[in-house]
> 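One structure, pasted below without further comment.
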Amino acid sequence: EDQVTQSPEALRLQEGESSSLNCSYTVSGLRGLFWYRQDPGKGPEFLFTLYSAGEEKEKERLKATLTKKESFLHITAPKPEDSATYLCAAQGGGSNYKLTFGKGTLLTVNP
Amino acid sequence: DAGVIQSPRHEVTEMGQEVTLRCKPISGHNSLFWYRQTMMRGLELLIYFNNNVPIDDSGMPEDRFSAKMPNASFSTLKIQPSEPRDSAVYFCASSPGLGEKLFFGSGTQLSVL
């Protein structure tokens, strides 16, 4: 069974204090590793897709990286508006396109 | 583009009643997914469709749950009879095709008393 584990569950940072979120996954033949952001009362919003180990993608203060077992979301010099829950999801290979989500990391950035 | 549209936004019902959640995917998207989110279990996939055909419903909790997609622009998730443990936020998402990124609706907050 596909499994995705995110850590920490919650992270509190001061504005400008860089850090990383972790996503460990176990899937059969990874097709893609997805990162989403979720604000309170809203649906998840897509950030990145990573397809192979060593791949990196960046968007503003966020950078996502991928290894064969983990993905990291690095947040550089965060701002209060980066506060949200960050969700990681893995999609296995074969004929099943099911996307398995982790429980997320609640990030709070204090001014 | 209006995005994925879900209705109602909130639903409060009593145990034993029938509940119907509705979803309009983004025009042109071929795949549609129903997820349920709770604090304890996070986001769980219930069922997904491709070209209006159900592909995997292994996440549907039990026979009380059913989903349909009669055409490319509409899907329903029905719970009959509802139980308090069904209380959760239900999300619908669509994608241009299988394996592509999902676009989520704003969800339906369901409370079963």
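Chain letters run A, B, ... following the sequence lines, proteins first and then strands; every chain starts at 1. Since the model is a prediction, treat every value here as computed from it, not as a measurement.
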> Quick one: pull up CD in B/Glu100 and CZ in A/Phe34 and give me the separation to the nearest 0.5 Å.
9.0 Å

> Could you tell me which non-hydrogen atom of B/Leu102 sits nearest to which non-hydrogen atom of A/Phe46, and how far apart they are?
O-CB, 4.3 Å

> With a 6.0 Å cut-off on ring centres, are A/Tyr36 and B/Phe104 close enough?
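Centroid separation for A/Tyr36 and B/Phe104: below 6.0 Å.
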
> Among the clusters formed by ILVMFWY side chains lying less than 4.5 Å apart, do A/Phe101 and A/Val4 turn up in the same one?
no

> Please find the pair of heavy atoms, one from B/Phe91 and one from A/Gln38, that lie closest to each other, and give the distance.
CZ-NE2, 3.5 Å

> Count the heavy-atom pairs under 4.5 Å between each of A/Leu99, A/Thr49, A/Thr100 and chain B, then report the option with the highest count.
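That would be A/Leu99.
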
> Can you tell me which portion of A/Glu45 sits under 4.5 Å from chain B's heavy atoms? Options are side chain, backbone, both or neither.
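Neither the backbone nor the side chain of A/Glu45 comes within 4.5 Å of chain B.
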
> Indicate yes or no for a side-chain donor-acceptor contact from A/Tyr97 to the backbone of B/Gly97 under 3.5 Å, with no hydrogens or angles considered.
no

> Should the heavy atoms of other residues, nucleotides or ligands under 6.0 Å from CD of A/Gln3 be counted, would the total exceed 12?
no

> Any chain of hydrophobic side-chain contacts (each under 4.5 Å) joining A/Val109 to A/Leu73?
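In one cluster: yes.
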
> With a sphere of 6.0 Å drawn around CD of A/Glu15, does it hold more than 12 non-hydrogen atoms of other residues, nucleotides or ligands?
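Correct, the count exceeds 12.
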
> At a 4.5 Å cut-off on heavy atoms, which part of B/Leu45 comes close to chain A: side chain, backbone, both, or neither?
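Side chain of B/Leu45 only, per the 4.5 Å heavy-atom cut-off to chain A.
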
> Grouping I, L, V, M, F, W and Y whenever their side-chain heavy atoms are under 4.5 Å apart, do B/Met60 and B/Tyr90 come out in a common cluster?
yes

> Would you say that more than 12 heavy atoms from the other residues, nucleotides or ligands in this model lie under 6.0 Å from the NZ of A/Lys57, or not?
yes

> Tell me, for A/Lys98 versus chain B, whether the close heavy atoms (under 4.5 Å) come from the side chain, the backbone, both or neither.
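Both parts, backbone and side chain.
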
> Which bit of B/Arg41 comes within less than 4.5 Å of chain A, counting heavy atoms only: side chain, backbone, both or neither?
backbone

> Using a cut-off of under 4.5 Å for heavy-atom pairs, which of B/Ile55, B/Asp56, B/Leu43 has the most such pairs with chain A?
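Of B/Ile55, B/Asp56, B/Leu43, B/Leu43 has the most heavy-atom pairs under 4.5 Å with chain A.
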
> Measure distances from B/Gln37 to the heavy atoms of chain A and classify the residue's part below 4.5 Å as side chain, backbone, both or neither.
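Contact with chain A involves the side chain of B/Gln37 alone.
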
> Under 4.5 Å from any heavy atom of chain A, what part of B/Tyr35 do you find: side chain, backbone, both or neither?
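Just the side chain, heavy atoms under 4.5 Å.
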
> With a cut-off of 6.0 Å (strictly less than), are more than 12 heavy atoms of other residues, nucleotides or ligands near CZ of A/Arg61?
yes

> Is there a path of hydrophobic side-chain contacts, each under 4.5 Å between heavy atoms of I, L, V, M, F, W or Y residues, that connects A/Leu87 with A/Tyr25?
no

> Can you tell me if CD on A/Glu9 sees more than 12 non-hydrogen neighbours from other groups inside 6.0 Å?
no

> I need the residue from B/Gly42, B/Gly99, B/Ser31 with the largest number of non-hydrogen atom pairs under 4.5 Å to chain A.
B/Gly99

